[in-house]
**Q** 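I am attaching a structure below and will ask some questions about it afterwards.
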Amino acid sequence: RERTGAGMMECKKALTETEGDIDAAAEALRKSGLAKADKKASRVAAEGVVAIHIAADGKLGAIVEVNCETDFVAKNDDFLALANKLAELVATRNPVDVAALSTLEINGVSVEETRKALIGKIGENMSIRRFRRVEATGALNNYIHGGAKVGVLVDITGGDVPLAKDVSMHIAASKPKSLDSKGVPAEDIAKERAVAEGKAAESGKPPEIVAKMVEGSIAKYLKEVSLLSQPFVKDEKMTIEALMKSRSAVINGFTLYVVGEGIEKKVTDFAAEVAEAAAAAAR
């Protein structure tokens, strides 16, 4: 049990089948865990955590999102340890993508086998969704919020640690899409424009007025989602850009991860599931 993390009955069964050969039993349990992982691969994993690793010099860091099926497992020590180790691997080994990260090793075992073994042990699907490695221009600071559901990694030149922490917390709270309006994704602007055009068209105003209304809406949207133009959460009379200028500091860039963002979660009716299980038991 200490070697595999498997349950008592599973260990007993494996030892019986291998006639008491501990090494063979451990290998059988490992293969069983991998098989279980393959069966669970199609299940939606929209919960999880964001993990961050920053090198001692503050110049190199990584942020990673690792998903599971339930919030309960997201608090599991083994799951958290895996997420933190993955962030460290991204920072130190610089894999190009998730597939490359999965081939790296943790204590002599590949990340992919480690992931599958943990799925077999805990019983939930888990996946490495995304990561980013940052080589800072200035110094890195981070902030983890809400049980590691929101993570921020920010690169700032100048200022001090309290300022960097304030900026990190602001990003977590206000969730900007980019540093400035130039960085807002084109698809997000297109969606906002479509909504603005629909609302403006309903006004019944002349086309030239409608066009100005749409552009005004887009300008407002860009201001709301660009970090530098957002009002500082601790002092809404001051924008983040003004805050940085007042402290002779510059934000070089940031990464914001929100767990499960964009993943379509399965909606379950617990009462219906219980009723169905009761009916099945009765039959």
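Residue indices begin at 1 and follow the sequence shown.
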**Q** Once you round to the nearest 0.5 Å, how far does OG of S178 lie from CG of L222?
**A**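 Taking OG in S178 and CG in L222, the distance rounds to 8.0 Å.
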**Q** Under 6.0 Å from the NZ atom of K175, do we count more than 12 heavy atoms belonging to anything else shown?
**A**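 Above 12, so yes.
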**Q** So with a 6.0 Å cut-off around CD of E135, is the heavy-atom count from everything else above 12?
**A**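 No.
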**Q** Taking only distance into account, with no hydrogens and no angle test, what donor-acceptor pairs under 3.5 Å do side-chain atoms of residues 154-169 form with protein atoms, sequence neighbours excluded?
**A**
residue, atom, partner, partner atom, Å
D155, OD1, G138, N, 2.9
D155, OD1, N252, ND2, 3.1
D155, OD2, T137, N, 2.7
T157, OG1, N252, ND2, 2.8
D160, OD1, L163, N, 2.9
D160, OD1, R247, NH2, 3.2
D160, OD2, R247, NH2, 3.0
K165, NZ, N142, O, 2.8
D166, OD1, K234, NZ, 2.7
S168, OG, N141, OD1, 3.4
S168, OG, A164, O, 2.9

**Q** Heavy-atom distance under 4.5 Å between the side chains of K121 and D78, does that happen here?
**A**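 Of all side-chain heavy-atom pairs linking D78 with K121, at least one is under 4.5 Å.
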**Q** At what distance, to the nearest 0.5 angstrom, does CG of L228 lie from CG of L179?
**A**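 Nearest 0.5 Å value for the CG-CG distance: 4.0 Å.
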**Q** Provide the closest heavy-atom pair for V214 versus A200 in the form atom of the first, atom of the second, distance.
**A**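 Between these two residues, the closest heavy atoms are CG2-CB, 4.0 Å.
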**Q** Is there a path of hydrophobic side-chain contacts, each under 4.5 Å between heavy atoms of I, L, V, M, F, W or Y residues, that connects I171 with M238?
**A**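 Hydrophobic grouping puts I171 with M238.
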**Q** Closest heavy-atom contact between D188 and Y221?
**A**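 Smallest heavy-atom distance, with atoms named: CB-OH, 3.5 Å.
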**Q** Check whether any side-chain N or O of S226 sits under 3.5 Å from a backbone N or O of S229 as a donor-acceptor pair, and report yes or no.
**A**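 Judged by distance alone, no pair lies under 3.5 Å.
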**Q** Side-chain polar contacts of residues 91-100 - donor-acceptor pairs under 3.5 angstrom, sequence neighbours left out - could you list them?
**A**
residue, atom, partner, partner atom, Å
T92, OG1, E88, O, 2.8
D97, OD1, A99, N, 3.3
D97, OD1, A100, N, 2.8

**Q** So, taking the atom named CZ in F254 and the one named CG in L140, what distance separates them when rounded to the nearest 0.5 Å?
**A**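 Rounded to the nearest 0.5 Å, the CZ-CG separation comes to 14.0 Å.
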**Q** State whether the side chain of Q230 and the backbone N or O of E224 hold a donor-acceptor pair below 3.5 Å, judged by distance alone.
**A**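 The answer is yes, because a donor-acceptor pair under 3.5 Å joins these two groups.
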**Q** Looking at R129 and V258, what are the two nearest heavy atoms and their distance?
**A**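 Between these two residues, the closest heavy atoms are NH1-O, 4.4 Å.
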**Q** Would you name the heavy atoms of I52 and A87 that are closest together and state the gap between them?
**A**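 That would be C-CB, 4.0 Å.
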**Q** Are V134 and L60 linked, directly or through other ILVMFWY residues, by side chains that come within less than 4.5 angstrom of each other?
**A**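 No: no chain of side-chain contacts under 4.5 Å links V134 to L60.
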**Q** Indicate, with yes or no, if Y143 and I54 share a hydrophobic cluster defined by side-chain heavy-atom contacts under 4.5 Å among Ile, Leu, Val, Met, Phe, Trp and Tyr.
**A**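 The answer is no; the residues belong to distinct hydrophobic clusters.
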**Q** Could you check whether any side-chain N or O of H170 sits under 3.5 Å from a backbone N or O of V233, counting only pairs where one atom can act as donor and the other as acceptor?
**A**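 Such a contact is found between H170 side chain and V233 backbone.
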**Q** Rounded at 0.5 Å granularity, tell me how far CG in N67 sits from CZ in R130.
**A**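 Going from CG on N67 over to CZ on R130, the span is 8.5 Å.
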**Q** Show your working on side-chain contact (heavy atoms from CB on, under 4.5 Å) between F131 and L86 and close with a plain yes or no.
**A** CA-CA 9 Å; F131 65 79; L86 291 174; over 6 Å; no
**Q** So if you build clusters from Ile, Leu, Val, Met, Phe, Trp, Tyr with side-chain heavy-atom gaps below 4.5 Å, do L256 and V184 land together?
**A**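 L256 and V184: separate clusters.
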**Q** Could you tell me the separation between the CD1 atom of I209 and the NZ atom of K212, rounded to the nearest 0.5 Å?
**A**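 If we round to the nearest 0.5 Å, I209:CD1 and K212:NZ are 5.5 Å apart.
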**Q** So which heavy atom on E69 is nearest to which on N125, and how close?
**A**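 So the two residues come closest at OE2-N, 2.6 Å.
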**Q** How many angstroms lie between atom CD1 of I106 and atom CD of E112, to the nearest 0.5 angstrom?
**A**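 Separation between the atoms: 11.0 Å.
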**Q** Determine whether V73 and M126 satisfy the following criterion, side-chain contact (heavy atoms from CB on, under 4.5 Å), listing intermediate values before the conclusion.
**A** CA-CA 10 Å; V73 168; M126 300 172 193; 4.1 Å; yes
**Q** Can you hop from I63 to L227 via hydrophobic side chains spaced under 4.5 Å?
**A**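 No, it is not one cluster - the side chains of I63 and L227 are not joined through contacts under 4.5 Å.
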**Q** With side-chain contact (heavy atoms from CB on, under 4.5 Å) as the criterion, how do N107 and V109 come out once you've worked through the C-alpha distance, each side chain's angles and the decisive distance to 0.1 Å?
**A** CA-CA 6 Å; N107 298 326; V109 180; 5.7 Å; no
**Q** For V66 versus F79, what's the shortest heavy-atom pair and its separation?
**A**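 Scanning both residues, the minimum pair turns out to be O-CZ, 3.5 Å.
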**Q** Main chain of G48, side chain of K149: is a donor-acceptor contact present, judged purely on distance under 3.5 Å?
**A**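 Yes: the side chain of K149 pairs with the backbone of G48.
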**Q** Walk me through whether M244 and I251 qualify under side-chain contact (heavy atoms from CB on, under 4.5 Å).
**A** CA-CA 8 Å; M244 302 310 288; I251 302 173; 3.6 Å; yes
**Q** Strictly by side-chain hydrogen bond (donor to acceptor under 3.5 Å, both in side chains), give each pair with a member in residues 190-211 just once, sequence neighbours left out.
**A**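 Matches after skipping sequence neighbours: R193-E215.
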